[in-house]
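Written out below as structure tokens is the structure these notes cover.
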Amino acid sequence: MMKSPTTDYARRNPSSGARSTPDRYGYSQSSAYSDSSTERKSNSGRNAATLAVRSVAGAFIACFTPPETEKSKNQLDSEEFKSSSGSVISNASGASSDRKRGSHRGIYGNSYNSTQGKEAGSLHLTMEEIYDATRNFSPSLKIGQGGFGTVYKGRLRDGTFVAIKRAKKNVYEKHLGVEFQSEIQTLSRVEHLNLVKFYGYLEHENERIVIVEYVPNGTLREHLDCIHGNSLDLAARLDIAIDVAHAVTYLHMYTDHPIIHRDIKSSNILLTENFRAKVADFGFARSAPDSDSGATHVSTQVKGTAGYLDPEYLRTYQLTEKSDVYSFGVLLVELVTGRRPIEPRFQLSERITTRWAMKKFVDGEAISILDPKLQLTAANNLALEKTLELALQCLAPRRQERPSMKRCAEILWTIRKDYRELAASDFRSFSSSSQRSASIKV
Ligand SMILES: Nc1ncnc2c1ncn2[C@@H]1O[C@H](COP(=O)(O)OP(=O)(O)OP(=O)(O)O)[C@@H](O)[C@H]1O
């Protein structure tokens, strides 16, 4: 979605998303989420458990980050990063529209959205249809407000739900027009399961409208803040991190010209009913440097969001894909700590979350920064430490030292695999100990 460039990197508090509960629009939506794994423990219990869990986790941390092998490299050239619809939209070599395989809709699909068959940019609506879909831009259908304009939930005549973004009408702000064109051009070139799908746009007199896939379950930031109820467990957080890594890898590697998102942040990650992630907001996206011509970066005015901005980009104005990797590192820290990148309410040493978290990690105290909404289990703590290790690499001050986004995805796959194995054994030992105590009681 788009935003005003005037906001640049001194941006407003990302928590301010004025998102409404889907059901209040009178449209039927289900958002069944129940998570029993978010039971919170007291701080004292936590400290006592810290040592024990660290020693369990420590045994696994030795296998931390797997080396980048040829095999793993090739694995990532697999279907995961290609178009969600089974079509290879385009790849680095420009091949396109190769419809080969079934979709992954199982985990992402929803019954109410028939736009899923629609091609990116294929929806051509009239202004009258837009008025119909939004009941004349009814305030009751407003789902958010961004720098660029207002977002409405709309229902098309065929029953499809969409998100309709209406640009602010400040004709003097020429840069809004530039943002609009930038987003349109970017959106129409991409299609991936983990990117919010673009359906179409409309320019009519002084109206500029973008129609995109409606993603029903709020933003990641809202979920980390528990605005919608229960907190996300660590398994869900790892899935989300992997979804984002897939989406950004696709932007960096599988589009005609690599695209740098430039605004990866938790409030730009929308969640489906099944808690899978879709990356939104292409208002700042830029084409990456053309590596065939030997260019290594694009020089550009700094844009993005405070707390997520690559310090090297800030210093040099030189933008590369690694700026997205840096922001992704911030996002990883946010996922495991639950904190926002900047936390003015905390004491000075804790205000910049990445600085605080990385120091704790390097000092061997990672466990103390786990989001208090997450349980202290061996699996959670293993994933915490491994994720922080990856974050540390992503946050390297020099971009050459940061991994590629593709590499981030590979590492996260391994983290998720190890996490699942350990979680299963946690569960087995928990059930056998509860059986033992049950038989003692008898
Ligand atoms: N496709 C969508 N599906 C569902 N809700 C959406 C969609 N796009 C946006 N929203 C909602 O509207 C809000 C505003 O989105 P928008 O992208 O315009 O602004 P923002 O990203 O919050 O702000 P900015 O981009 O200016 O930083 C989002 O936080 C989200 O709650």
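When a ligand or atom number is given, it counts from 1 through the structure's own listing order.
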Return the option from V151, T219, T150, L271 holding the heavy atom at the smallest distance from atom 28 (C) of ligand 1.
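Residue with the shortest heavy-atom distance to the ligand atom: T219.
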Looking at ligand 1, does any of its N/O atoms fall within less than 3.5 Å of an N/O of [X]?
X    : value
E213 : yes
N268 : yes
V196 : no

K153 to ligand 1, any heavy atom closer than 4.0 Å
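In this structure, K153 fails to qualify as a contact of ligand 1 - no heavy atom is under 4.0 Å.
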Tell me whether K165 reaches ligand 1 (any heavy atom closer than 4.0 angstrom to a ligand atom).
yes
Is ligand 1 under 4.0 Å from a heavy atom in the side chain of [X], in the backbone, in both, or in neither?
X    : answer
R166 : neither
T305 : neither
I143 : both
D263 : neither

Which of the numbered atoms in ligand 1 are under 4.0 angstrom from any heavy atom belonging to [X]?
X    : answer
K265 : 27 (O)
Y214 : 3 (N), 4 (C)
V212 : 1 (N)
G146 : 18 (O), 19 (O), 23 (O), 26 (O)
A163 : 1 (N), 2 (C), 3 (N)

Salt-bridge test for E334 and K265: reply yes if a basic N is under 4.0 Å from a carboxylate O, no otherwise.
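Salt bridge flag = no for K265 with E334.
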Salt-bridge contact E350-R339 (side-chain N to carboxylate O under 4.0 Å)
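So E350 pairs with R339 through a salt bridge.
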Would you say [X]'s side chain and [Y]'s backbone share a donor-acceptor pair under 3.5 angstrom?
X    : Y    : result
H246 : L193 : no
S138 : T134 : no
E222 : T219 : yes

Would F328 and V248 count as a side-chain contact (heavy atoms from CB on, under 4.5 Å) here? Give the steps.
CA-CA 9 Å; F328 185 70; V248 182; 5.7 Å; no
Out of K278, R276, R237, which residue meets the salt bridge (Lys or Arg N to Asp or Glu O under 4.0 Å) rule with D243?
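Of K278, R276, R237, salt bridge (Lys or Arg N to Asp or Glu O under 4.0 Å) with D243 is met by R276 alone.
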Across all chains, not counting sequence neighbours, the side chain to side chain donor-acceptor pair (under 3.5 Å) partners of Y419 are N380
Of all residues at least two apart in sequence or in a different chain, which pass the side-chain contact (heavy atoms from CB on, under 4.5 Å) check with T150?
K142, Q145, Y152
Residue from T353, L395, D363 passing side chain to side chain contact (heavy atoms under 4.5 Å, CB included) with M358
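Considering T353, L395, D363, a side chain to side chain contact (heavy atoms under 4.5 Å, CB included) with M358 is found only for L395.
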